[in-house]
Amino acid sequence: KLGIIRCMHTEDCCPGSRDFRTIRERKGAFMGEDDIQLVGFINAVAAPEKSGAKARSLVEQCADTIAFASCISKGTPIGSPCPFAKRMRKLVQKEVGDGVRILDYTHDAGPEPETSQK
């Protein structure tokens, strides 16, 4: 059961489609995973100290794995990773303990493939 923490600075330009496709296709951080159930998709806030509470809310929804979306760790799609990424990871790990797996990214960096609707 997976919870994702994403960057609030990218929410206006990224609806999370690539994260969801990566989960569905078992690529990126999810390669080799059999059964993935997304239980939450939550924004990180500008105050990294709140990341522990965000992670706790995902664990309360039964997440046993928390992934930081690639916007936080790799800067996708804005080209700039979060300056607080390492600090947030430490705070989240401290809050949820060793029983919850932490993933540093969701998908590989790179441009979002274009899609067309017909």
Side-chain angles (χ1 to χ4, degrees):
K1 293 185 180 183
L2 172 68
I4 297 178
I5 299 176
R6 67 175 293 181
C7 174
M8 70 179 246
H9 294 293
T10 62
E11 70 180 336
D12 290 338
C13 63
C14 176
S17 301
R18 186 147 180 207
D19 299 300
F20 302 139
R21 185 173 61 246
T22 301
I23 293 167
R24 189 173 55 251
E25 295 175 355
R26 307 298 195 262
K27 293 184 178 177
F30 310 105
M31 195 173 300
E33 297 293 329
D34 290 330
D35 185 28
I36 303 170
Q37 179 184 353
L38 185 65
V39 298
F41 191 73
I42 195 165
N43 284 346
V45 294
E49 294 77 23
K50 294 186 178 185
S51 58
K54 298 283 184 165
R56 185 175 50 249
S57 72
L58 293 169
V59 171
E60 288 169 357
Q61 296 300 313
C62 298
D64 59 17
T65 301
I66 294 176
F68 286 100
S70 292
C71 50
I72 291 177
S73 60
K74 296 186 175 198
T76 307
I78 60 175
S80 176
C82 176
F84 303 112
K86 288 181 182 178
R87 186 166 178 212
M88 281 194 300
R89 190 189 199 292
K90 287 180 184 177
L91 291 167
V92 165
Q93 187 71 67
K94 182 179 178 183
E95 182 69 31
V96 300
D98 292 333
V100 175
R101 191 169 107 182
I102 308 289
L103 303 175
D104 292 320
Y105 72 103
T106 50
H107 58 80
D108 295 322
E112 179 72 22
E114 291 190 30
T115 59
S116 61
Q117 294 182 353
K118 293 182 180 183

Which pair of non-hydrogen atoms, one from [X] and one from [Y], has the smallest distance, and what is that distance?
X	Y	value
Thr76	His107	CG2-CE1, 3.6 Å
Tyr105	Ala67	O-CB, 4.4 Å
Pro15	Phe20	O-CE1, 3.7 Å
Glu11	Asn43	OE1-ND2, 2.7 Å
Gly3	Ala63	N-CB, 3.9 Å
Val39	Leu58	CG2-O, 4.3 Å

Quick check: does any side chain N or O of [X] sit under 3.5 Å from a backbone N or O of [Y], one acting as donor and the other as acceptor?
X	Y	answer
Lys74	Asp108	no
Gln93	Gly97	yes
Arg6	Cys14	yes

Show your reasoning for whether side chain to side chain contact (heavy atoms under 4.5 Å, CB included) applies to Ile78 and Cys71.
CA-CA 8 Å; Ile78 60 175; Cys71 50; over 6 Å; no

Measuring from [X]:[atom1] to [Y]:[atom2], what's the distance to the nearest 0.5 Å?
X	Y	atom1	atom2	answer
Met88	Lys50	CE	NZ	13.5 Å
Gln37	Cys62	CD	SG	8.5 Å
Thr65	Leu103	OG1	CG	6.0 Å
Ile23	Phe30	CD1	CZ	4.5 Å
Leu2	Asp35	CG	CG	11.0 Å
Ile5	Cys82	CD1	SG	11.0 Å

Per the salt bridge (charged side-chain N to carboxylate O under 4.0 Å, His left out) rule, which among Arg24, Arg26, Lys1, Arg101 passes with Glu33?
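Passing option: Arg101.
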
ILVMFWY cluster, Ile4 and Ile102 together (side-chain gap under 4.5 Å)
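Not linked; separate clusters.
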
Using side chain to side chain contact (heavy atoms under 4.5 Å, CB included), reason through Ser57 and Ile42 one step at a time and then give a plain yes or no.
CA-CA 9 Å; Ser57 72; Ile42 195 165; 3.5 Å; yes

With no hydrogens and no angle check, do the side chains of Ser73 and Asp104 hold a donor and an acceptor under 3.5 Å apart?
no

Scan side-chain atoms only and decide if Thr22 and Thr106 contain a donor-acceptor pair under the 3.5 Å cut-off.
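No pair is found: no donor N or O on one side chain lies under 3.5 Å from an acceptor on the other.
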
Electrostatic pair Glu95:Lys54 at N-O distance under 4.0 angstrom:
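The answer is no: the pair does not qualify as a salt bridge.
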
Dump the intermediate steps for side chain to side chain contact (heavy atoms under 4.5 Å, CB included) on Val100 and Asp64, then the final yes or no.
CA-CA 5 Å; Val100 175; Asp64 59 17; 5.7 Å; no

Check: Val92 and Phe68 side chains under 4.5 Å, non-hydrogen atoms
yes

